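Structure record follows, encoded as structure tokens.
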Amino acid sequence: MKLNNESLKTKDFWEKANITLPQFDREKMIAATKTAPKWVHFGAGNIFRAFPAALMQYLLDNEMETTGIVVAEGYDGEIIDKSFTAFDNLTILVTLKSDGTTEKSVIASVASSLRMDSALAELKDIFKSPSLQMASFTITEKGYSLTGRDGSLFPDVAEDIKNGPLAAGGTSPKSYLGRIASLLYERFINGASPLAMVSMDNCSHNGDILFAAMETITKGWIENNKADTAFLNYLQDKNKVSFPWSMIDKITPRPDDSVKDMLISCGLENMEGTVTSKNTYVAPFVNAEETQYLIIEDIFPNGRPALEKTGVMFTDKETVDRVEKMKVCTCLNPLHTSLAVFGCLLGYTRISDEMKDPSLVKLIEGVGYKEGLPVVTDPGIIKPRDFIDQVINVRLPNPFMPDAPQRIAMDTSLKIPIRFGETLKEYKKSGKNFAGLRLIPLVIAGWLRYLLGIDDQGKNFEVSPDPNYETLKIALSGITLGQTGPFTEKLKPILSNPVYFGINLYETGCSETNLGKRIEDLFTQMLNGAGAVRKTLDLSVNIG
């Protein structure tokens, strides 16, 4: 059986395969969406299909909504071709539970899927519609960037700012965000109806990041006489265009071969994944954990779908901020990075396997409960200890979650300032004794050891992509396994740099509390031949 609209009519097959079908009239949903669209989403990746699309499916199944989602892809159009239109915009969602069971369902809430490079005109018609309530985004944190590392505008962004929105025709904008801005401009000149622009990407204050990009482009257009200041006023009026903050949390790894094989064994064809020319791995299914959180600032000037009935929490900006800090700085992300660093060094390829290692479990328990919780940001609507309990006891040990430490180790130099630096700054701000910190310094030392690209057995491995890796690699050059140090000359420029850790780690008190010196000692211990990482880890967590 192939996944398409026609195959859904063969209900016996899907029932036998234990795959839940949509409970609504899909043709009516598609027609209603075309007439009066409410929700368009940018970013057609796995997290969209496993989370927002599934939320809308629930509303449709339970007759709480009549329209679906229009999804658009602006970075890699082949995603639309190979994982949406090829399957009539249907997706199989496989939820992998920690108790070893799975839930399989056909997600059919996508009314249409569009490539921004060829369907901008169609998207403009959608943005003209007064019925449109929200445009949401999962385009990754990098997707909101307008400038390179040197601070200069990307060439396509600069060209878009020079040319203007060109809403009346002409050459379309080339950049992702230039196209988004042109869609907002189209809405403005066709009635200026209100709209919520909802970033659902996993980055702090995501709504402000999206707004800043739109404002920069708009001001550029005004300076180049390509738009009127009235458009800027529209953009800056929260009663017209809002940019809510949100916090999203749902582990959604790339489609896994074991899940593919399971679906094929159910009798499904064409479940093979493929890689696009932009190196995106796509498949007709997604696999994800059961646990999920979506907390959104409740500012929707044109209304919104009843997502609170799906478990989405709507609250104020300050609470969203506290939830995000709780998760990113204490209760999940620091634990993930701890496992990523030591997982790569110790030869693990799955997070769930790491959770069978008693020392690694003790490590993240110490990082979370002992060293993080004393300075945690408590959001009120979620209890931090309960959140960590779920992470350690349910989410990370899930044997069916095919997540790899190598994936999580990507861009670690950009993550450490938030995942650990915020905790360190809070210790300093509150006057807490740094002497109690034993395991966060161990993770930082482990990260420096990881950057050498030599595992605990002395074998070379490929360090995951990181924009600062080449700089750090040069700084650590010449250090090899078996050396005894001292390494102060090599390490101090890194450990004293607040860009990486939020504070100068050598300015944390006397010798007993000097984190920089403590990290140097741990780093040196982990260089003491093959097996030294394991020995240092075991000793540290038992002491800690």
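These numbers come from a predicted model, not from an experiment.
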- CA sep, side-chain torsions, deciding dist, call: Q292, L55, side-chain contact (heavy atoms from CB on, under 4.5 Å): CA-CA 11 Å; Q292 58 188 33; L55 297 179; 3.8 Å; yes
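- Using modelled atom types and a 3.5 Å distance limit, the side chains of T280 and Y75 yield no donor-acceptor pair.
- Minimum interatomic distance between P384 and L373 (heavy atoms only, all atoms of both residues): CB-CD2, 3.9 Å.
- Between the CG atom in N333 and the CD1 atom in I418 there is a gap of 10.0 Å [rounded to 0.5 Å].
- Residues I19 and V106 have side chains in contact (heavy-atom distance under 4.5 Å, counting atoms from C-beta outward).
- Between D353 and K356 there is a salt bridge, with a side-chain nitrogen of the basic residue lying less than 4.0 Å from a carboxylate oxygen of the acidic one.
- Under a 3.5 Å cut-off, the side chain of T524 and the backbone N or O of T484 do not form any donor-acceptor pair.
- The backbone N or O of L346 lies less than 3.5 Å from no partner atom in the side chain of D456, so there is not a single donor-acceptor pair.
- Residues M247 and M326 have side chains not in contact (no heavy-atom distance under 4.5 Å, counting atoms from C-beta outward).
- Interatomic distance, S105 OG to Q57 CD, rounded to the nearest 0.5 Å: 6.5 Å.
- The existence of a salt bridge linking D403 and R407 is confirmed by a sub-4.0 Å separation between a basic side-chain nitrogen and an acidic carboxylate oxygen.
- Put simply, the side chain of L452 does not reach to within 4.5 Å of the side chain of T480, judged on heavy atoms.
- Only one option out of K278, K82, R115 pairs with D76 in a side-chain contact (heavy atoms from CB on, under 4.5 Å); it is K278.
- A distance of 9.0 Å separates CE of M214 from OG1 of T216, quoted to the nearest 0.5 Å.
- The local environment of NZ in K492 is sparse, with at most 12 non-hydrogen atoms from other residues, nucleotides or ligands closer than 6.0 Å.
- Residues V320 and I296 share a closest heavy-atom pair of CG2-C, 3.9 Å.
- Interatomic distance, CG of L3 versus CZ of F285, reported as 11.5 Å (0.5 Å rounding).
- E78 places a side-chain N or O within 3.5 Å of a backbone atom of S277 that can act as its donor or acceptor partner.
- When all heavy atoms of L481 and A530 are compared, the closest pair comes out as CD2-N, 4.1 Å.
- When only modelled atom types and interatomic distance are considered, Y144 and D201 share a side-chain donor-acceptor pair under 3.5 Å.
- Between atom CG of residue L515 and atom CD1 of residue I519 there is a gap of 6.0 Å, rounded to the nearest 0.5 Å.
- The backbone N or O of K250 lies less than 3.5 Å from a partner atom in the side chain of T252, making a donor-acceptor pair.
- In terms of modelled atom types and a separation under 3.5 Å, the side chain of T337 and the main chain of P334 share no donor-acceptor contact.
- The minimum heavy-atom distance linking L96 with N398 is given by the pair O-ND2, 2.7 Å.
- Counting heavy atoms from C-beta outward, S136 and F48 have side chains that stay 4.5 Å or more apart.
- A ring-centre distance under 6.0 Å is not found for F342 and Y348.
- N468 and T471 are not linked by any side-chain donor-acceptor pair at a separation below 3.5 angstrom, with hydrogens and angles left out of the test.
- The side-chain heavy atoms of I392 and E365, taken from C-beta on, include a pair separated by under 4.5 Å.
- Remark: side-chain polar atoms of E290 are not paired, donor with acceptor, to backbone N or O of K97 under 3.5 angstrom.
- Between the N514 side chain and the K517 main chain, a donor and an acceptor come within less than 3.5 Å of each other.
- Proximity of a side-chain donor or acceptor of R449 to a complementary backbone N or O of D455 within less than 3.5 Å is detected.
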- Message: Quick one, V367 with V443, criterion side-chain contact (heavy atoms from CB on, under 4.5 Å). Give me CA distance, side-chain angles, the key distance, then yes/no.
- Response: CA-CA 9 Å; V367 169; V443 175; 4.2 Å; yes
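- Side-chain contact between T102 and N18 is absent, with no heavy atoms from C-beta onward closer than 4.5 Å.
- Of all heavy-atom pairs spanning L424 and F501, the tightest one is CD1-O, 4.0 Å.
- The shortest side-chain heavy-atom distance between Y469 and L451 falls under the 4.5 Å cut-off.
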- Task: Dump the intermediate steps for side-chain contact (heavy atoms from CB on, under 4.5 Å) on I209 and C203, then the final yes or no.
- Result: CA-CA 9 Å; I209 293 172; C203 49; 4.0 Å; yes
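- For D386, the CG atom is densely surrounded, since the number of other residues' heavy atoms within 6.0 Å is greater than 12.
- With hydrogens and angles disregarded, a donor-acceptor distance shorter than 3.5 Å links the side chain of Y427 to the backbone of E371.
- The aromatic rings of F42 and F137 lie parallel to each other, with less than 30° between the two planes, well short of the 60° mark.
- At a cut-off of 3.5 Å, with distance as the only test, a side-chain donor of N202 or K327 sits close to an acceptor on the other residue.
- Of all heavy-atom pairs spanning L439 and G366, the tightest one is CD1-CA, 3.5 Å.
- For the ring pair (Phe, Tyr, Trp, His ring centres under 6.0 Å) with H205, the lone residue among F211, F243, W245 that qualifies is W245.
- Side-chain N/O atoms of S413 and D466 include a donor and acceptor closer than 3.5 Å.
- Salt bridge present: K325 and D321 bring a charged side-chain N and a carboxylate O closer than 4.0 Å.
- Between the T423 side chain and the C329 main chain, a donor and an acceptor come within less than 3.5 Å of each other.
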- Query: Can M313 and V323 be said to form a side-chain contact (heavy atoms from CB on, under 4.5 Å), step by step?
  - Reply: CA-CA 11 Å; M313 300 181 191; V323 172; over 6 Å; no
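- Taking CD from Q483 and CG from L527, the interatomic distance works out to 7.0 Å, rounded to the nearest 0.5 Å.
- Contact annotation: the side chain of F400 never approaches that of V259 to less than 4.5 Å [non-hydrogen atoms, C-beta and beyond].
- Screening D538, N542, L537, T536 for a side-chain contact (heavy atoms from CB on, under 4.5 Å) with S540, the sole residue that qualifies is T536.
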